[in-house]
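Following: one structure in structure tokens, then a few remarks.
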Amino acid sequence: MKFASITGWGSGMPPAVLTNDDLSTFLDTSDEWITSRTGMKERRISHVSAIEMATVATAQALACAGLDAADLELIIYGGCSNEEAVPNSASGVQYALGARRAAAMDVNTACTSFLYGLATASGMIRTGVVKNAVVIGVELISRYMDWSNRNVAVLFGDGAAAVVVQAGGRDDGVIASVLGCDAEARASLRVRGVGCGYAGRGITFGDTLWDFDGQVIFKRAVKGMSEASLRVLAQAGVTAEDVDLVVPHQANLRIIEAVAKHAGIPMDKVMLTVQKYGNMSSATVPVSLVEALNEGRVKPGSLILMPGFGAGLTYSALLVRWGDRVQPLAVSPRTLPPCEETALAMVQRVRASQDPHGRSQAGLLGATLVDRQAGLTDDRDS
Ligand code: UT7
């Protein structure tokens, strides 16, 4: 059995910052509410496509690993805000990088897409299917957010990061993994309006209705992430004291604090980016990992716990033993273009294209009725 070491890392973060005060200019909310309930102060709004963010993150990760795009064998694109379903987004990154030999697949388990993707890539490398892979976590949520809904609009941000995984002889990389899904609660976290189930019902793609039961998600997230964390530690035969760093999904500071408490790990071992990037869904873990490396918080041989949860409700916890190298071999010249607009101006443009009162909600309720008649919905679908 081969091992699958993480040898490269990089991000593609958009520069435009949307503050809590920006949000209060058009939503009935406040910096005080958002900070106290979520820990978030700022998030990023992207001026470029998700594939462009993913391409920059991948180029940086490849340079960091010293791997040529032409030698890349697999691209796993983790995310749930893809610009298109067909063709997939991984192929867009392959094309942009000229990584012609790479297989290209998208993974969508919502916020856990990066973790599921990293477990998949590591398994494929260990079993000899490929020798190397890049795993990306990327989201462009601002373009399809329902900006009239304060329950969700304050929570999310855009961003991307990627890691390179390569076959190696040393026992590092992902050393244990737990992947699961609490599907009983799948209706508690839903973005209606995206997908072929809504076709032909007068709904424009991206004209979404965000249907979240925040408190149900909160409780299930704490349970799912805590249990997965304890299971993955047991699987590897280590204890909470052995963990050097936790890089969790960043949906809410209070969720992270509760998970750390359940797992018996002090908060000074937890990497936090929720305050400056909000919830970037599948991008939160890789972006936080890259920041931890940049800040010198990852040491050679560090044991890193990565727990997450997302719509489904999928959950996951990976345990990573870091290798020897914590510095990039090189930095790619590929960066995002400068952004000429403010984050608030970009959000206002999306808002101007949305109809907060009629079309989406009426259309979607109609769609739900059709689903119910066809026996396609569960109890919370109305
Ligand atoms: O990664 C997966 C997606 N993540 C999530 O779904 C997040 C999981 N849930 C959470 O993080 C928390 O449940 C929230 C941050 C969403 C909400 O925090 P909470 O402490 O559970 O608040 P709550 O649901 O009890 O809402 C309290 C009040 C409500 O008003 P009433 O009914 O008490 O009058 C809300 O209408 O806060 C109100 N509220 C807001 N007020 C100001 C909801 N959103 C806002 C807002 N600004 N943005």
Side-chain angles (χ1 to χ4, degrees), residues 18-43 78-81 108-116 137-142 144-159 180-183 185-192 194 208-226 228 247-260 272-275 277-288 306-317 347 351 356 380:
L18 188 73
T19 64
N20 292 347
D21 288 336
D22 288 334
L23 286 161
S24 3
T25 61
F26 61 89
L27 281 173
D28 180 15
T29 190
S30 64
D31 176 49
E32 196 281 326
W33 191 96
I34 302 170
T35 307
S36 62
R37 300 292 177 121
T38 71
M40 296 169 190
K41 298 296 265 183
E42 298 174 350
R43 66 285 298 141
C80 57
S81 52
N108 174 6
T109 56
C111 303
T112 58
S113 302
F114 171 79
L115 295 172
Y116 267 63
V138 50
E139 303 287 359
L140 179 55
I141 294 170
S142 60
Y144 81 119
M145 171 51 67
D146 175 356
W147 288 106
S148 67
N149 182 352
R150 70 176 184 175
N151 292 316
V152 287
V154 304
L155 301 178
F156 291 92
D158 302 331
C181 182
D182 180 11
R186 70 190 291 274
S188 66
L189 204 174
R190 189 164 237 162
V191 181
R192 298 175 185 271
V194 183
T208 56
L209 181 66
W210 290 64
D211 193 1
F212 278 43
D213 189 336
Q215 291 189 2
V216 169
I217 300 166
F218 193 105
K219 287 182 196 136
R220 301 246 183 182
V222 171
K223 186 167 179 288
M225 287 167 81
S226 303
V247 182
H249 175 45
Q250 317 261 331
N252 186 320
L253 178 60
R254 292 184 296 141
I255 293 177
I256 297 171
E257 286 170 344
V259 171
L272 292 175
T273 56
V274 66
Q275 68 285 1
Y277 300 139
N279 182 351
M280 298 176 288
S281 181
S282 69
T284 61
V285 172
V287 167
S288 303
M306 301 178 181
F309 78 98
L313 294 177
T314 57
Y315 59 82
S316 175
V347 168
R351 287 185 69 231
R380 277 202 69 257

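Hydrogens, waters and symmetry mates are skipped; everything else that's a heavy atom, side chains included, is used. Indexing begins at 1, ligand by ligand and atom by atom, following the structure's order.
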Need the ligand 1 atom indices (1-based, order shown) with element for anything under 4.0 Å from a heavy-atom of [X].
| X | answer |
| --- | --- |
| Phe212 | 3 (C), 6 (O) |
| Val154 | 48 (N) |
| Arg37 | 19 (P), 20 (O), 22 (O), 23 (P), 25 (O), 26 (O), 27 (C) |
| Asp28 | 42 (C), 47 (N) |
| Asn279 | 1 (O), 2 (C), 3 (C), 4 (N) |
| Arg254 | 18 (O), 19 (P), 20 (O) |

If we count only N and O atoms by modelled type, under 3.5 Å, do the side chains of Thr19 and Asp22 hold a donor and an acceptor together? yes
With a 4.5 Å cut-off on side-chain heavy atoms, are Ile34 and Leu23 touching? yes
Could you tell me if the side chain of Val222 sits less than 4.5 Å from the side chain of Met225, heavy atoms only? no
Could you tell me whether the side chain of [X] and the main chain of [Y] form a donor-acceptor pair under 3.5 Å?
| X | Y | answer |
| --- | --- | --- |
| Thr25 | Asp21 | no |
| Ser188 | Ala185 | yes |
| Gln250 | Pro248 | yes |
| Ser281 | Glu139 | no |
| Arg150 | Asp28 | yes |
| Thr112 | Phe309 | no |
| Asn252 | Arg37 | yes |
| Ser81 | Leu140 | yes |

Non-hydrogen protein atom less than 4.0 angstrom from [atom]:
| atom | answer |
| --- | --- |
| atom 27 (C) of ligand 1 | yes |
| atom 6 (O) of ligand 1 | yes |
| atom 1 (O) of ligand 1 | yes |
| atom 32 (O) of ligand 1 | no |
| atom 18 (O) of ligand 1 | yes |

Heavy atom of the protein closest to [atom] (residue, atom name, distance):
| atom | answer |
| --- | --- |
| atom 29 (C) of ligand 1 | Arg150 NH2, 4.8 Å |
| atom 43 (C) of ligand 1 | Asn151 OD1, 3.1 Å |
| atom 39 (N) of ligand 1 | Trp33 CZ2, 3.4 Å |
| atom 14 (C) of ligand 1 | Asn252 ND2, 4.5 Å |
| atom 25 (O) of ligand 1 | Gln215 NE2, 2.5 Å |

Val191 and side chain to side chain contact (heavy atoms under 4.5 Å, CB included): which partner among Thr208, Leu209, Asp211? Thr208
Hey, are Arg43 and Asp158 close enough for a salt bridge, meaning a charged N less than 4.0 Å from a carboxylate O? no
Any nitrogen or oxygen of Thr38, side chain or backbone, less than 3.5 Å from one on ligand 1? no
Does an N or O from Ser30, backbone or side chain, lie closer than 3.5 Å to an N or O of ligand 1? no
Determine whether the side chain, the backbone, both or neither of [X] has a heavy atom under 4.0 Å from any heavy atom of ligand 1.
| X | answer |
| --- | --- |
| Leu27 | neither |
| Ile34 | neither |
| Thr29 | both |

Quick test of your reading of the structure: of Ser282, Gly214, Ala251, whose heavy atom lies closest to atom 8 (C) of ligand 1?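 Checking each option, the heavy atom nearest atom 8 (C) of ligand 1 is found in Gly214.
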Note: heavy atom closest to atom 16 (C) of ligand 1, options Leu189, Ile217, Leu155, Leu23, belongs to Leu155
Can you name the residues that form a ring-ring contact (aromatic ring centres under 6.0 Å, His included) with Trp210, not counting sequence neighbours?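 Only Tyr144, Phe156, Phe212 meet the ring-ring contact (aromatic ring centres under 6.0 Å, His included) criterion with Trp210.
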Consider ligand 1: state whether an atom of it lies below 4.0 angstrom from any non-hydrogen atom of Gly310.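 For ligand 1, residue contact (heavy atoms, under 4.0 Å) with Gly310 is absent.
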